[in-house]
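Notes follow the structure.
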2 protein chains.
Amino acid sequence: MRLLLIEDEKALGNALRDYLLAQGHATDWVENITDADAAMASTPYDVVLLDLNLPDGHGVDLLRGLRRRGDVTPCIILTAQDQITDRIQGLNAGADDYLVKPFDLGELHARLSAVARRYAGNPNPLLSIGNVDIDLARRVIFVAGLRVDLTAREWALLDQFARRPGATLSKPQLEEALYEFGAEIESNTVEVYISRLRKKIGSNLISTLRGVGYRLEG
Amino acid sequence: MRLLLIEDEKALGNALRDYLLAQGHATDWVENITDADAAMASTPYDVVLLDLNLPDGHGVDLLRGLRRRGDVTPCIILTAQDQITDRIQGLNAGADDYLVKPFDLGELHARLSAVARRYAGNPNPLLSIGNVDIDLARRVIFVAGLRVDLTAREWALLDQFARRPGATLSKPQLEEALYEFGAEIESNTVEVYISRLRKKIGSNLISTLRGVGYRLEG
DNA sequence: ATCACGCATTCAGCCTGTTGTCAGCAAGCG
DNA sequence: CGCTTGCTGACAACAGGCTGAATGCGTGAT
């Protein structure tokens with residue numbers, strides 16, 4: 001697995017990184033929120049290990065930001081014994097699990113496996129088209145290696161395309177994806193969102209078939 | 001995809017069928033085991049959606065029968081909240097996944113995609129004629145391995161031919177395909193579109209039968 | 001409560017590919 | 001050879017698609 005370790009304490013960070021590498025996980029280690037954001041903006045991780053006490057802010061804020069952007073990368077919080085309030089906050093903010101320091105490395109391994117198992121259902125197929133990587137499970141896309149944030153509707157559209165790359169999708173079909181079933185709408189919303197999507201992911205990825213629909217190249 | 005929906009509840013069945021059709025899946029809907037057996041005997045389906053509560057027996061029995069006959073068509077079970085035992089039975093009997101009613105249509109979509117992905121080994125049935133591959137489901141054709149875009153009318157014509165390869169289609173017949181029934185048009189549009197099609201897919205694929213009509217060679 | 005912000009929706013004007021039509025040419029058939 | 005039937009290039013009209021801007025709406029911050 002590809003892991004991101006966000007940990008301020010040097011000694012713990014070192015030990016964890018060595019252990020995780022030994023376990024066969026590609027592990028990046030950063031020590032503050034700024035670097036973490038940068039790392040996540042450029043790389044898709046399978047699990048994030050997050051210490052809450054960070055020099056440039058509180059871990060929960062980082063997590064909230066992630067979730068608000070629709071990123072659902074599994075996250076395990078590493079927290080000291082006494083920060084129970086933080087822990088609850090963390091879970092509410094969208095963490096998947098937490099570990100109380102000091103913790104056993106075997107325990108960490110078990111939690112990691114559990115989280116991985118939980119997400120094993122969809123084996124996380126990274127769909128690569130051109131220079132765009134689409135992670136359907138996590139609702140994240142990378143354009144030229146940089147994360148790009150999509151709004152709900154934009155994602156709904158792209159999701160349709162990504163599930164059937166190369167297929168031609170008609171406007172009514174796409175409309176269904178935007179509006180939960182039935183809600184008829186009389187305007188060119190699909191066109192508008194196609195336009196916005198193209199602006200974000202590059203205009204050559206989605207081609208128009210006049211009078212027919214649209215297609216994601218692949 | 002080609003789906004078989006086995007569902008007793010009329011309202012749910014209707015909604016599901018509409019949704020699935022809108023998603024571009026060829027969907028047959030039957031309401032009992034007898035009809036389901038008949039349908040599966042005559043048509044190969046990509047996925048079966050199976051409600052367990054059926055008027056003439058238990059869905060799991062249908063599934064068991066299938067698997068005993070060596071049929072491995074992927075099957076997703078639709079089950080009410082309380083039938084947990086049934087669900088386990090279902091998975092044991094050879095189901096691939098299950099959905100608990102009431103479920104979100106997006107959820108259904110996701111499960112379908114997941115199952116489809118798992119069985120992605122053999123993709124769409126491609127109709128191959130000469131060096132032209134026609135993918136009816138995705139509305140895409142390849143000529144000598146390269147994708148070729150067709151306009152709406154061009155596709156309407158080719159679609160007619162592809163559905164009855166080798167058959168001779170008269171001009172009035174083809175005209176019906178171009179213009180939703182009734183809209184009479186006085187000119188040589190069919191000839192024009194035959195010409196345009198030939199330019200795109202190769203002129204030897206469609207042959208002219210003077211005074212009679214046209215035919216797609218196979 | 002108010003404000004600011006971002007997302008959703010609608011609309012209008014511009015732009016472009018498809019379409020139907022026709023005319024002249026080619027090919028089949030007596 | 002003459003007649004019929006089919007083929008195809010050209011083209012004007014138009015439906016369909018694109019996109020910037022205005023407006024509305026909901027949510028989070030102050």
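Chain A is the first sequence line, chain B the second, and so forth, proteins listed ahead of strands; every chain is numbered from 1. Hydrogens, waters and symmetry mates are skipped; everything else that's a heavy atom, side chains included, is used.
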query = When you measure from the side chain of B/Arg138 to the backbone N and O of A/Pro165, does any donor-acceptor pair fall under 3.5 Å?
reply = yes
ask   = So, is B/Ser195 near the phosphate of D/dC7, with a side-chain N or O under 4.0 Å from OP1 or OP2?
value = no
Value in whole Å for how far the P atom of D/dA15 lies from CD of A/Glu191 = 15 Å
Taking only distance into account, with no hydrogens and no angle test, what donor-acceptor pairs under 3.5 Å do side-chain atoms of residues 4-11 of chain B form with protein atoms, sequence neighbours excluded?
from    : atom 1 : to       : atom 2 : distance (Å)
B/Glu7  : OE2    : B/Glu9   : N      : 2.9
B/Glu9  : OE2    : B/Lys101 : NZ     : 3.3
B/Lys10 : NZ     : B/Glu31  : OE1    : 2.8

request  = Figure out the CG/C1' separation between B/Leu174 and D/dC7, and round it to whole Å.
outcome  = 16 Å
All side-chain contact (heavy atoms from CB on, under 4.5 Å) counterparts of A/Ser195, not counting sequence neighbours = none
remark   = Sorted by chain and number, sequence neighbours left out, side-chain contact (heavy atoms from CB on, under 4.5 Å) with B/Val212 holds for B/Thr168, B/Leu209
inquiry  = Given 3.5 Å as the limit, does a donor-acceptor pair link the side chain of B/Thr27 with the main chain of B/His25, or not?
reply    = yes
task = Give a yes/no answer on whether the side chain of B/Thr151 brings an N or O atom under 4.0 Å of OP1 or OP2 in C/dT19.
result = yes
task = Please identify each residue that fulfils side-chain contact (heavy atoms from CB on, under 4.5 Å) with A/Arg2, with sequence neighbours left out.
result = A/Ala26, A/Asp28, A/Thr43, A/Tyr45, A/Asp46
inquiry  = Expected output is a numbered-order residue list: members of residues 152-164 of chain B with a heavy atom under 4.0 Å from any atom of DNA chain D. What is it?
reply    = none
ask   = So, is A/Tyr214 near the phosphate of D/dG16, with a side-chain N or O under 4.0 Å from OP1 or OP2?
value = no
Per-nucleotide protein contact string for nucleotides 25-30 of chain C, where B marks a base within reach and S marks sugar-phosphate only (heavy atoms under 4.0 Å, - for neither) = --BB--
query = Could you state the CZ-P distance from A/Arg198 to D/dG20, rounded to the nearest angstrom?
reply = 12 Å
B/Asp51 side chain reached by B/Leu12 side chain, heavy atoms, under 4.5 Å = no
ask   = If we only count heavy atoms from C-beta on, is the A/Leu112 to A/Ile76 side-chain gap below 4.5 Å?
value = yes
ask   = With distance as the sole test, does A/Tyr214 use its side chain to make a donor-acceptor pair with the main-chain N or O of A/Ile194 at under 3.5 Å?
value = no
query = Is the shortest side-chain N/O distance from B/Tyr193 to OP1 or OP2 of C/dG20 below 4.0 Å?
reply = yes
task = Any salt bridge (charged side-chain N to carboxylate O under 4.0 Å, His left out) involving residues 159-170 of chain B? Give me the pairs, sequence neighbours left out, ordered by first then second residue.
result = B/Asp159-B/Arg163
task = May I have all residue pairs that pass salt bridge (charged side-chain N to carboxylate O under 4.0 Å, His left out) and include part of residues 203-212 of chain A, sequence neighbours excluded?
result = none
ask   = What is the distance from NZ of B/Lys171 to C1' of D/dG6, rounded to the nearest Å?
value = 6 Å
query = Roughly how many Å is it from CG in B/Leu197 to P in C/dT19, rounded to a whole number?
reply = 11 Å
inquiry  = Could you work out how much the helix from C/dA1-D/dT30 to C/dG30-D/dC1 bends, comparing the axis of its first five pairs with that of its last five, to 10°?
reply    = 30°
query = Of the nucleotides D/dG17, C/dC11, C/dG20, which one has an atom closest to the side chain of A/Val192?
reply = C/dC11
inquiry  = For residues 191-209 of chain A, which residue pairs pass the salt bridge (charged side-chain N to carboxylate O under 4.0 Å, His left out) check, not counting sequence neighbours?
reply    = A/Glu154-A/Lys200, A/Lys171-A/Glu191
task = Measure from CZ on B/Arg196 to P on C/dT21 and round the result to the nearest Å.
result = 12 Å
query = So among B/Thr151, B/Leu216, B/Ile206, which one has a side chain to side chain contact (heavy atoms under 4.5 Å, CB included) with B/Leu197?
reply = B/Ile206
request  = Report the nucleotide, chosen from C/dT21, C/dT10, C/dT19, that has the shortest atom-to-atom distance to any side-chain atom of A/Ser187.
outcome  = C/dT10
key: Whole-Å distance separating the CD atom of A/Glu175 from the C1' atom of D/dG16   = 15 Å
task = Please list, chain by chain and in numerical order, all residues satisfying side-chain contact (heavy atoms from CB on, under 4.5 Å) with A/Asn14, sequence neighbours excluded.
result = A/Trp29
Reported CG-to-CG distance for the pair A/Asp56 and A/Asp35, which is rounded to 0.5 angstrom = 8.0 Å
query = Any side-chain N or O of B/Tyr179 less than 4.0 Å from the OP1 or OP2 oxygen of C/dT19?
reply = no
ask   = Does any donor-acceptor pair link the side chain of A/Asn188 with the base of D/dT19 at a separation under 3.5 Å?
value = yes
key: Near-strand residues of residues 199-209 of chain A, defined as heavy-atom separation under 4.0 angstrom from DNA chain C   = none
message = Measure CG/B/Leu150 against P/C/dT19 and give the value in whole Å, please.
response = 11 Å
